[in-house]
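For reference, the structure discussed in these notes is given below.
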Amino acid sequence: MKKIYRILLPVLLCLAPLTASAQSFRVQCPTSTITHPVKDATHPNSPVDNNSEPAYNGPTTLSLNSSGFFAPTGNVNGAIKCQQISGGDGYATMADGTQTFMFSFGPLSGLADIANGKPGTEYPSVFNTPYPTAGPMLQPGDPATTDGPLPAPNLNAFTYNGAIGQIPDLDNGNAIDGHVDPRQIMDIGVMNGNIPAPLMAIDEDDEFFLTLSNVGMIMRPDLFEQHTVHFHGYPNASAFYDGVPDASVAINIGASFTYYYLAPDAGTYFWHCHITPPEHLQMGMVGQLYVRPRQDRVAVGASLYSALQQQELDLRTKCDSASDILCSNPLPAGGATVNPAIRAAAGNYAYNDGDGSTYYDVEYPIQIHGFDPNFHFVGMTFNPEGFADMKDKYFLLNGRSYPDTVTTGPLETTTADGRSHFSQPLPAIINIPAGKKALLRISDLDVSEYQTLASLGIPMHVIALNAKLLRDQAGNNLYYSTNSITLAGGESLDVILDATGYTAGQVFYLYTPNLDHLSNDAENFGGLMTEVRIN
């Protein structure tokens with residue numbers, strides 16, 4: 001990136017009038033920033049390469065530099081992560097075969113990872129890699145076009161995870177500086193909506209650069225819809241990047257904008273468009289985001305309790321339960337003598353618990369949502385939408401109703417452009433190795449309904465609500481076990497399923513006891529249900 005971007009960090013603003021030229025599309029993913037400098041002549045002692053997560057040895061140390069900015073003086077934690085998404089429209093296929101029109105976000109980076117059910121968030125070394133010019137160009141509908149048709153697409157045929165459209169800038173010595181080929185962005189972004197929206201995942205202390213490119217709505221050319229990204233419940237320090245258009249910005253068709261976030265608190269969050277929220281959320285512009293804790297990066301064999309003590313020295317996330325009533329993860333009760341947990345040789349943690357109590361082996365993001373088919377049909381046919389009459393009849397886990405929830409791999413939809421697209425790439429089936437633990441990151445962004453999920457056979461161990469660890473100010477864990485949880489729109493829960501004592505081959509169900517939500521529109525079965533398989 002040009003030096004000005006390294007100094008000013010996240011400022012790349014590409015707002016344009018509705019008749020914006022193709023040059024309004026840009027992306028941004030710096031390889032170095034003030035707080036994550038690379039090791040070079042200017043920063044010879046920097047340990048950061050920004051393309052991997054360093055081990056956590058203590059808080060980041062910062063002090064004022066000669067320019068008056070806080071810059072690292074020794075230890076540096078986290079890395080730089082980047083992602084690009086499109087705002088537009090598309091179709092999804094419901095479990096009864098109905099194709100449903102959506103306003104939607106689609107992936108413009110990390111396409112291979114997203115097709116395989118992974119987050120599309122990438123390090124700069126991956127994001128800033130242009131698509132190979134040798135061989136065939138990107139095709140509309142990719143990666144579904146390249147991977148081949150269902151029922152057995154070859155998900156290994158498409159491997160590119162870089163930013164779509166990223167090309168060398170001929171006017172800047174062939175530098176990778178955010179210059180793009182707009183044709184590629186349009187070829188991939190148009191009619192490529194996903195439900196849920198592309199999955200995002202970052203680690204505490206990361207700097208996250210998220211570029212939104214508004215490619216327009218092909219099925220509704222009369223709508224000059226702006227779009228934004230709002231991280232719901234996320235501790236965003238700047239209203240400018242909050243996505244609420246009253247205090248932030250809205251992105252016009254033919255333009256790009258790069259949001260900037262610092263990742264301070266672990267947890268399960270979600271994101272959505274904040275333009276006419278009841279409409280855009282109902283139409284499908286919702287996705288999930290989670291932040292991994294620093295505790296994942298503690299050295300194997302080290303004390304988790306001591307690592308959490310070190311985190312208390314980081315003033316950005318200091319949690320002093322004696323003076324801060326909002327402190328959400330104080331040190332566990334009893335002290336290190338009764339909390340001898342050490343970093344395991346394998347596995348991860350949902351939160352910085354200090355005692356290993358949020359350990360898990362596999363994780364599954366589960367987004368609850370619902371579609372009103374009449375609202376979606378009217379939204380495609382140039383008629384006024386009946387907000388007061390909104391009533392969901394498709395009930396979705398990761399954009400799928402049963403039995404599609406137990407289908408592995410991405411779901412594919414042939415849209416009005418005649419191309420197949422991976423419309424619902426995130427599976428909802430839960431596979432747990434016998435004797436291991438699964439973390440379910442459950443979020444609900446339903447517009448019109450409360451949603452209940454029940455677990456048959458394996459109790460749900462609830463460890464966090466709305467990205468806050470369930471722990472009191474004295475450090476006592478307030479986790480609880482239950483067979484059902486209920487969420488309103490805008491809430492999230494972190495739940496652990498413990499398969500200790502279960503044997504391979506057993507199958508259980510995660511489903512809703514609300515019988516009218518166990519349906520796919522007119523069909524009296526389906527809806528909010530998936531399988532939990534022990535393997």
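Please read these numbers as outputs of a predicted model, since none were measured by experiment. Side chains are part of it too, since the values below use all heavy atoms of this structure and drop only hydrogens, waters and symmetry mates.
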Between [X] and [Y], what is the shortest heavy-atom contact and its length?
| X | Y | answer |
| --- | --- | --- |
| G379 | F101 | O-CE2, 3.9 Å |
| N161 | L111 | OD1-N, 3.6 Å |
| T93 | D404 | O-OD2, 4.3 Å |
| M460 | V495 | CB-CG1, 3.3 Å |
| Q226 | I275 | O-CG1, 3.5 Å |
| P198 | Q83 | CB-NE2, 3.9 Å |

Would you find a donor on one side and an acceptor on the other, under 3.5 Å apart, between the side chain of [X] and the backbone of [Y]?
| X | Y | result |
| --- | --- | --- |
| D113 | K118 | no |
| Y160 | Y131 | yes |
| N514 | Q451 | no |
| N252 | A255 | no |
| N520 | D96 | no |
| D361 | K437 | yes |
| T228 | A250 | no |
| D203 | R292 | no |

### Query
Are S86 and S213 close enough that a side-chain donor and a side-chain acceptor fall under 3.5 Å?
no

### F377/T98 under side chain to side chain contact (heavy atoms under 4.5 Å, CB included): CA gap, chis, key distance, verdict
CA-CA 11 Å; F377 177 76; T98 300; over 6 Å; no

Hey, what's the ring geometry for [X] with [Y], parallel, tilted or perpendicular (30° and 60° as the breaks)?
| X | Y | value |
| --- | --- | --- |
| H280 | H227 | tilted |
| H517 | F395 | parallel |
| H232 | H230 | perpendicular |

### Pair Y269 + F231: ring centers closer than 6.0 Å
no

### Task
Would you please test E204 and N352 for side-chain hydrogen bond (donor to acceptor under 3.5 Å, both in side chains) and show each step?
CA-CA 10 Å; E204 281 188 288; N352 296 303; 2.6 Å; yes

### Message
More than 12 heavy atoms of other residues, nucleotides or ligands under 6.0 Å from OH of Y450: yes or no?
### Response
no

### Task
Would you kindly check if the NZ (Lys) or CZ (Arg) of K81 is within the cone defined by 45 degrees around the ring axis of F209 and under 6.0 Å from the six-membered ring centre?
no

### Task
Go through the steps to decide whether S481 and H461 satisfy the test side chain to side chain contact (heavy atoms under 4.5 Å, CB included), and finish with yes or no.
CA-CA 4 Å; S481 295; H461 196 55; 3.0 Å; yes

### Task
Show the numbers, then the answer: is there a side chain to side chain contact (heavy atoms under 4.5 Å, CB included) between Y402 and E531?
CA-CA 9 Å; Y402 189 82; E531 294 179 4; 3.6 Å; yes

### Query
Who pairs with F371 by ring-ring contact (aromatic ring centres under 6.0 Å, His included), at least two apart in sequence or on another chain?
H369, H376

